[in-house]
Amino acid sequence: MTDLTSLTLAEAKAGLANKSFTSLELTDAHLAAMEKARALNAYVLETPDQARAMAKEADARLAKGEAGNLEGIPLGIKDLFATKDVRLTACSKILDDFKPPYESTVTSQLWRDGAVMLGKLNNDEFAMGSSNETSAFGPVVNPWRREKTGFIRAPEQDLTNKEGSVHWQMMRPTVEYDPTPLVPGGSSGGSASAVAAGLCFGATGTDTGGSIRQPAAFTGITGLKPTYGRCSRWGIVAFASSLDQAGPFARTVRDTAILMRSMAGHDPKDTTSVDLPVPDYEAAIGKSVKGMKIGIPKEYRIEGMSAEIEKLWAQGAQWLKAAGAELVEISLPHTKYALPAYYVVAPAEASSNLARYDGVRYGARVDGRNIVEMYENTRAAGFGPEVRRRIMIGTYVLSAGYYDAYYLRAQKVRTLIKQDFEEVFAQGVNAILTPATPSAAFGIGEKGKADPIEMYLNDIFTVTVNMAGLPGIAVPAGKDAQGLPLGLQLIGRPFDEETLFSLGDVIEQSAGRFTPAHWWA
Ligand code: GLN
């Protein structure tokens, strides 16, 4: 029997429909895979009892012919989404063993459609990071490893010719792997690692500045950051409310589209959620992209960009052209200000959102002689260094005297970035193609130790999309010289995720799929 965890979500749906296997079998196969893959540190909480109970209920509905969009499909949930009565940590010590008495809207929609919860996935603390190294649970390991290629002589392959005098020994290329553990990207690193390693068919993520697209690119899978307002933020731990958006991860573009249909939708509990009908995103897969105008923004050709990324980008453009799309060079002149402006706006909002963790309402408390000291002790003990840095930057840029110089200016830059995109779309551009990240995955501990800016630079291609509230998808498109996956990003018009799925599928059909060698079990 095929390994159930290596199926795509669409294949699993089909197999459940024609009774090739049950949801309980799918669920058990994933729970077993998760147990063997604990070295990846992708899950911070496994919920096997809940998973099996949900799978049995799904099997009962399947038997009655009442299957929802995700009936019986095991998924992983980023530990930033509240799931009722299940520990929610945001991978911070400050939440301790907080168990929310409520369910996030996005997860409730997944369960409404029959999905099965396998557990909660690791992430950067409060989603602040690009490598999943700021988690209180420790770093997540990327299932990909760098290749060391060599040739070995095939043993016993003695191809003696007829005369028996000449021996031909075959040379067989072998791949050896460098055991250096690599980051899966962040902040949704657990989600990306779990999906890439076959520890769930799909996962939820959140993306404030790139936290879905960058880890998807680092692990060779697809990740979508929807238009701001497309998915409800209710019940998701807030980082920067005007930038945060939930979205799906999966191993194929089609699977991502299937998940998106269940995650999207209007929610009166989130005032920024938009009341638009949810399309059948899967129907966009395989749709012709003939005549579509694809913008190639010259400002994304950044100084010092590696030849590999240049090549990948050109290759992606050629694939879209071969599928009938038209390539046009475009300009997004304010791109270079996006990253600094993001690192003003995001910490400002974070400093306000994180004020609620005071030792009174949630989780951990460290006592003091008075209430102020209790706040201070709790927050000093509960927040990690990156979160403390963001709170300090945010408080600074919002304080009197600096507000105009930093915060207001950053908001103005944000408007200009948004206008850049609006102008390009007004010229008839349907989507924009860029690299997803400036490099492939790096080693755990390799970046950002001496200078946090080095880590922030990871988001150079992704933050503009959040600043403008647009949808963006990362699709694996190739590998670097060390055999690590690289992704391309497509940026779309507001609420036009369907075009991104159609174009993303063209890239996937051209590039093929990317699966890491299974070394961890
Ligand atoms: N890496 C970015 C940051 O640290 C984005 C994180 C995110 O999208 N949640 O802020």
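Values reported hereafter were calculated over all heavy atoms of this structure, with side chains retained and with hydrogens, waters and symmetry mates removed. Please read these numbers as outputs of a predicted model, since none were measured by experiment. First listed ligand is number 1; within each ligand, the first listed atom is number 1.
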Show your working on salt bridge (charged side-chain N to carboxylate O under 4.0 Å, His left out) between E386 and R389 and close with a plain yes or no.
-> CA-CA 5 Å; E386 184 61 30; R389 173 159 42 234; 2.6 Å; yes
Within ligand 1, which atoms have a heavy atom of [X] less than 4.0 Å away?
{"X": "G129", "result": "1 (N), 2 (C), 3 (C), 4 (O), 6 (C)"}
{"X": "F239", "result": "9 (N), 10 (O)"}
{"X": "A127", "result": "6 (C), 7 (C), 9 (N)"}
{"X": "G210", "result": "8 (O)"}
{"X": "S187", "result": "9 (N)"}

What do you reckon, does M128 have a nitrogen or oxygen under 3.5 Å from a nitrogen or oxygen of ligand 1?
->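 N/O-N/O distance below 3.5 Å does not exist for this pair.
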Between S211 and ligand 1, is there a nitrogen or oxygen pair with a distance under 3.5 Å?
->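 S211 vs ligand 1: N/O contact under 3.5 Å present.
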So, do L75 and L259 sit near enough that their side-chain heavy atoms are less than 4.5 Å apart?
->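 In short, these two side chains touch, coming nearer than 4.5 Å.
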Kindly indicate whether the side chain of R213, heavy atoms from C-beta on, has any atom under 4.5 Å from the side chain of V465.
->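 Yes - at least one pair of side-chain heavy atoms lies under 4.5 Å apart.
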Heavy-atom nearest neighbour in the protein, as seen from atom 10 (O) of ligand 1, with distance rounded to 0.1 Å |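 Of the protein heavy atoms, Y342 OH, 2.7 Å lies nearest.
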Among all protein heavy atoms, pick out the one at the shortest distance from atom 2 (C) of ligand 1; state its residue, atom name and that distance to 0.1 Å.
->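 Checked against all protein heavy atoms, atom 2 (C) of ligand 1 sits closest to D459 OD2, 3.0 Å.
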Check if D207 has a non-hydrogen atom at a distance under 4.0 Å from any atom of ligand 1.
->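 It does, in that a heavy atom of D207 comes within the 4.0 Å cut-off of ligand 1.
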Answer yes if the ring centres of F126 and Y357 are under 6.0 angstrom apart, and no otherwise.
->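 So the answer is yes for these two rings.
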Determine, considering heavy atoms only, which of R390, R213, E386 sits nearest to atom 4 (O) of ligand 1.
->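 Checking each option, the heavy atom nearest atom 4 (O) of ligand 1 is found in R390.
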Of the non-hydrogen atoms in R414 and S242, which two are nearest, and what is the gap between them?
->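 Where R414 meets S242 most closely, the heavy atoms are NH1-OG, 2.8 Å.
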If you take all heavy atoms of A51 and V116, which pair is closest and at what distance?
->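 For A51 versus V116, the nearest heavy atoms are O-CG1, 3.4 Å.
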Without hydrogens or angle criteria, can the side chains of T8 and R254 be said to hold a donor-acceptor pair below 3.5 Å?
->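 No pair is found: no donor N or O on one side chain lies under 3.5 Å from an acceptor on the other.
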Between F201 and L70, is a side chain to side chain contact (heavy atoms under 4.5 Å, CB included) present by the stated rule, with each step listed?
-> CA-CA 10 Å; F201 285 121; L70 295 170; over 6 Å; no
For ligand 1, is any non-hydrogen atom under 4.0 Å from Y343's backbone (N, CA, C, O), its side chain (CB onward), both, or neither?
->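 Contact part for Y343 vs ligand 1: side chain (C-beta onward).
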